[in-house]
Amino acid sequence: MKELKLMKGNEALAEAVIRAGCDAYFGYPITPQSEVLEYLSKEAHARTGMVVLQAESEIASINMVYGAAGTGKKVMTSSSSPGISLMQEGISYIACAELPCLIVNVVRAGPGLGTIQPAQSDYFQAVKGGGHGDYKLIVLAPATIQEMVDHVKLGFELAFKWRNPIMILTDGALGQMMEKVELFPQIPRSFEIFEWATTGKRKERERSIITSLHIQPEKMEEINIHLQNKYRAIEKEEIRYEMRDCEDADIILVAFGLTARICRKAAELAKEKGIKVGIFRPITLFPYPYEVLNKLAGNTKMFLTVEMNAGQMLEDVKLAINGKADVEFLGRMGGIIPTPEEILLKLEEINQGVLQNE
Amino acid sequence: MNERRMLGSDQELLDEHYEKVIAEESVCISDNLVYGKPETLTSTPMHYCPGCGHGVAHRLIAEVIDEMGIQEKTIGVAPVGCAVFAYNYFDIDMSEAAHGRASAVATGIKRVLPDRYVFSYQGDGDLAAIGTGETIHTCNRGENILIVFINNGIYGMTGGQMAPTSLVGMKTTTSPFGRDTHEMGYPLKITELIAQLPGVYYCSRVAVNTPVHVRKAKKAIYNGFKYQELNKGLSFVEIVTNCPSNWKMTPVESNKWLEENMIPFYPLGDLKVPKKEN
Ligand SMILES: Cc1ncc(C[n+]2csc(CCOP(=O)(O)OP(=O)(O)O)c2C)c(N)n1
Ligand code: SF4
Ligand SMILES: [Mg+2]
């Protein structure tokens with residue numbers, strides 16, 4: 001039987017964490033995601049026995065994740081932008097040591113202490129590295145609370161499939177708003193013991209060492225090549241996206257997460273004005289759906305990227321389209337959410353330009 | 001936390017056990033005059049400088065793990081510092097933490113594997129400068145782990161810069177005219193701080209510069225593991241050591257300097273032992 005509930009984004013995510021059979025959560029309060037830690041503190045231990053620990057900082061949280069993930073357990077943390085910045089050294093270590101874990105960033109606007117209002121301005125940090133060295137997170141960008149729930153389950157699956165840290169990149173609005181969600185049934189916690197994990201060295205195996213230190217450059221390059229090969233394989237297998245009405249669109253809107261939802265409304269308004277608008281929504285931000293987007297540029301000659309930042313994903317859209325079509329940008333910053341009306345205005349402007357050129 | 005405190009005569013029991021299990025077969029009896037390698041140490045030659053205390057500290061930990069028969073159940077956390085390669089020498093599962101974060105990493109491990117023995121091994125820069133926050137809070141939560149703190153009063157690995165524990169007047173590459181308290185503050189007695197925290201069950205300061213000190217150091221490490229087994233909370237063992245290379249001394253000179261300068265400022269002995277209850 002379907003289990004439908006009206007839930008706040010952060011609480012739905014926390015509920016999904018429990019149901020996904022998570023073994024441990026380590027976190028530190030920060031608006032707009034503190035409900036995750038609060039919900040888990042109340043519910044989780046009694047229901048599944050999972051560990052929930054409020055750390056003294058995000059630096060401590062991510063290093064607790066590193067330690068616990070090294071034992072092969074299902075572990076995670078969540079935070080919002082400034083806290084995620086603090087975690088970057090640890091994330092880089094986790095990526096290099098190839099530990100599975102889930103990191104949730106409920107993004108707020110920056111830079112600096114910024115504001116607690118929603119933004120998408122951590123795209124570069126999530127997708128292009130953030131910490132030091134050549135590494136990649138698999139980055140999932142939910143657009144609904146349903147997807148926030150589903151991405152927790154998917155995130156853990158991908159984390160163990162690839163032994164890689166996964167980031168759910170959502171924002172303060174999705175974290176705080178309420179929506180109807182269908183919850184998946186409880187997955188029992190797994191007590192599987194992995195050979196690579198630090199669980200205590202049994203006589204029959206070599207000792208497990210979790211490290212990111214490879215002092216010989218040749219060895220360090222070998223590790224890097226191995227990681228890059230893994231990332232190429234991830235690019236082949238894990239690209240996820242959603243397309244609406246893109247086939248014969250005059251203009252294609254490209255947006256992820258919350259802004260993609262606003263674009264839907266804008267596209268409806270545009271349709272009433274006789275403009276055919278498609279929407280392309282990447283769901284994985286790494287791996288990014290470059291090729292699909294490039295193909296779309298065969299038919300449609302106008303793209304409009306909409307983001308709550310100064311134009312971060314825009315760079316990937318341009319890379320994907322590679323000069324085959326024009327790419328325009330509409331962005332709001334500082335915690336301002338663009339309205340369907342202002343997107344419509346921009347669409348009309350672009351459409352006019354297209355008509356004049358014809 | 002209270003249940004942890006119940007057994008009042010733990011220390012006596014431990015003393016007795018230690019005498020039986022460990023002291024009897026120690027170096028003094030003739031069979032042991034041929035020095036063997038503890039099973040928990042690998043055959044990898046250590047990279048430590050000649051005369052460095054790190055090697056002795058490793059050996060003591062390995063001996064205790066052997067003697068307690070807990071090799072298969074022990075997980076160690078290596079620091080960033082000269083002991084960064086500790087995992088090459090201990091034949092146990094190990095995790096190499098970011099600089100200063102070893103006690104957070106150990107917390108993560110212990111919380112998901114509460115029946116394993118978990119210890120972190122950290123230098124003074126690691127534990128008392130960049131990792132002070134993690135150290136204090138791990139201790140204050142009373143994590144059921146052992147922290148081994150190697151205080152050599154200097155940043156060994158990076159070439160002899162001033163550490164939070166460098167003595168007043170001590171010359172290092174970043175205090176070339178001697179540590180000046182006006183500019184650089186005072187040496188941090190973090191162990192005294194730690195001992196104040198209610199989550200800490202056992203706290204001791206030892207050294208490895210003489211045979212007598214080595215024996216006491218081993219006992220402290222044993223206590224730490226044993227209390228962990230008894231689920232008592234956090235044990236903290238500071239080992240005051242040398243760094244002949246960066247102190248720019250021979251090993252013998254460095255041990256003498258340690259005796260005459262380090263130990264007077266960092267006096268050896270227990271700072272916190274379990275209370276006796278009637
Ligand atoms: C974030 C970070 N900052 C600085 C360093 C450089 N670093 C490596 S070891 C070290 C000091 C180690 O000194 P200590 O902890 O006293 O250990 P010792 O080598 O003396 O045993 C420093 C500053 C680092 N690796 N990471
Ligand atoms: S530099 Fe100092 S602490 Fe490091 S191995 Fe050499 S003597 Fe030991
Ligand atoms: Mg040192």
Side-chain angles (χ1 to χ4, degrees), chain A residues 22-26 49-75 77 87-94 96-97 99 101 131 189 191 193 195-215, chain B residues 39-42 44 47 65 70-80 83-118 120 130-141 143 145 157:
Chain A
C22 179
D23 293 302
Y25 171 95
F26 304 96
M50 79 175 264
V51 170
V52 181
L53 182 60
Q54 178 173 336
E56 63 272 25
S57 70
E58 290 86 351
I59 298 179
S61 312
I62 196 69
N63 285 286
M64 289 171 184
V65 166
Y66 174 88
T71 71
K73 298 282 183 185
K74 251 186 205 178
V75 301
T77 183
M87 291 185 193
Q88 292 303 326
E89 183 196 26
I91 293 175
S92 169
Y93 272 62
I94 289 171
C96 186
L99 303 181
C101 71
R189 286 175 59 203
F191 291 89
I193 290 184
E195 283 298 295
W196 53 264
T198 51
T199 53
K201 178 199 174 293
R202 291 184 312 281
K203 284 270 179 293
E204 63 274 14
R205 70 155 165 82
E206 283 294 295
R207 64 190 190 281
S208 298
I209 296 165
I210 304 294
T211 184
S212 61
L213 174 66
H214 307 283
I215 206 89
Chain B
E39 209 181 298
T40 299
L41 285 185
T42 62
T44 312
H47 70 284
I65 293 173
I70 56 172
Q71 189 181 2
E72 296 192 14
K73 295 194 81 183
T74 303
I75 301 163
V77 182
V80 176
V84 70
F85 284 123
Y87 56 74
N88 285 335
Y89 312 132
F90 287 110
D91 192 16
I92 54 173
D93 284 357
M94 286 195 78
S95 191
E96 202 292 303
H99 193 24
R101 318 301 168 207
S103 67
V105 173
T107 298
I109 298 171
K110 185 72 184 187
R111 289 285 176 133
V112 293
L113 296 174
D115 65 340
R116 306 302 200 280
Y117 298 79
V118 179
S120 73
I130 194 167
T132 314
E134 284 78 7
T135 304
I136 300 272
H137 286 280
T138 304
C139 292
N140 198 45
R141 284 192 304 268
E143 295 294 338
I145 61 169
M157 187 194 211

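So you know, we letter chains A, B, ... as the sequences are listed, proteins then strands, and number each from 1. This one's a predicted model, so the numbers in the text were calculated from it and none came from an experiment.
Proximity of the aromatic rings of Y89(B) and H47(B) is defined here by a centroid distance below 6.0 angstrom, and this criterion is met.
Here G200(A) is the residue among A24(A), G200(A), S212(A), A55(A) with the most heavy-atom pairs under 4.5 Å with chain B. For the options V75(A), T211(A), I62(A), V65(A), heavy-atom pairs under 4.5 Å to chain B are most numerous at T211(A).
For F85(B), the part sitting under 4.5 Å from any heavy atom of chain A is the side chain, from C-beta outward, and nothing else. Neither the backbone nor the side chain of V77(B) comes within contact range of chain A; no heavy atom of the residue lies under 4.5 Å from a heavy atom of that chain. Proximity to chain B involves both the backbone and the side chain of I59(A), based on heavy atoms less than 4.5 angstrom apart. Only the side chain of T42(B) has a heavy atom closer than 4.5 Å to any heavy atom of chain A. Using a 4.5 Å cut-off between heavy atoms, A197(A) touches chain B through its backbone atoms (N, CA, C, O) alone. With a 4.5 angstrom heavy-atom cutoff, I75(B) touches chain A only via side-chain atoms. For chain B, the nearby parts of T199(A) are the backbone and the side chain; heavy atoms of each come within less than 4.5 Å.
Between the side chain of E96(B) and the main chain of Y87(B), no donor-acceptor pair closer than 3.5 Å is present. Listed for the S103(B) side chain is a donor-acceptor partner under 3.5 Å among the backbone atoms of E134(B). Judged purely by atom type and a 3.5 angstrom limit, S92(A) has no side-chain atom pairing as donor or acceptor with the backbone of Q88(A).
Residues T198(A) and M94(B) come closest through the heavy atom pair CG2-O, 3.5 Å.
Under the salt bridge (charged side-chain N to carboxylate O under 4.0 Å, His left out) criterion, E195(A) pairs with R202(A), not counting sequence neighbours.
Screening residues 106-116 of chain B for salt bridge (charged side-chain N to carboxylate O under 4.0 Å, His left out), with sequence neighbours left out, gives R111(B)-E143(B).
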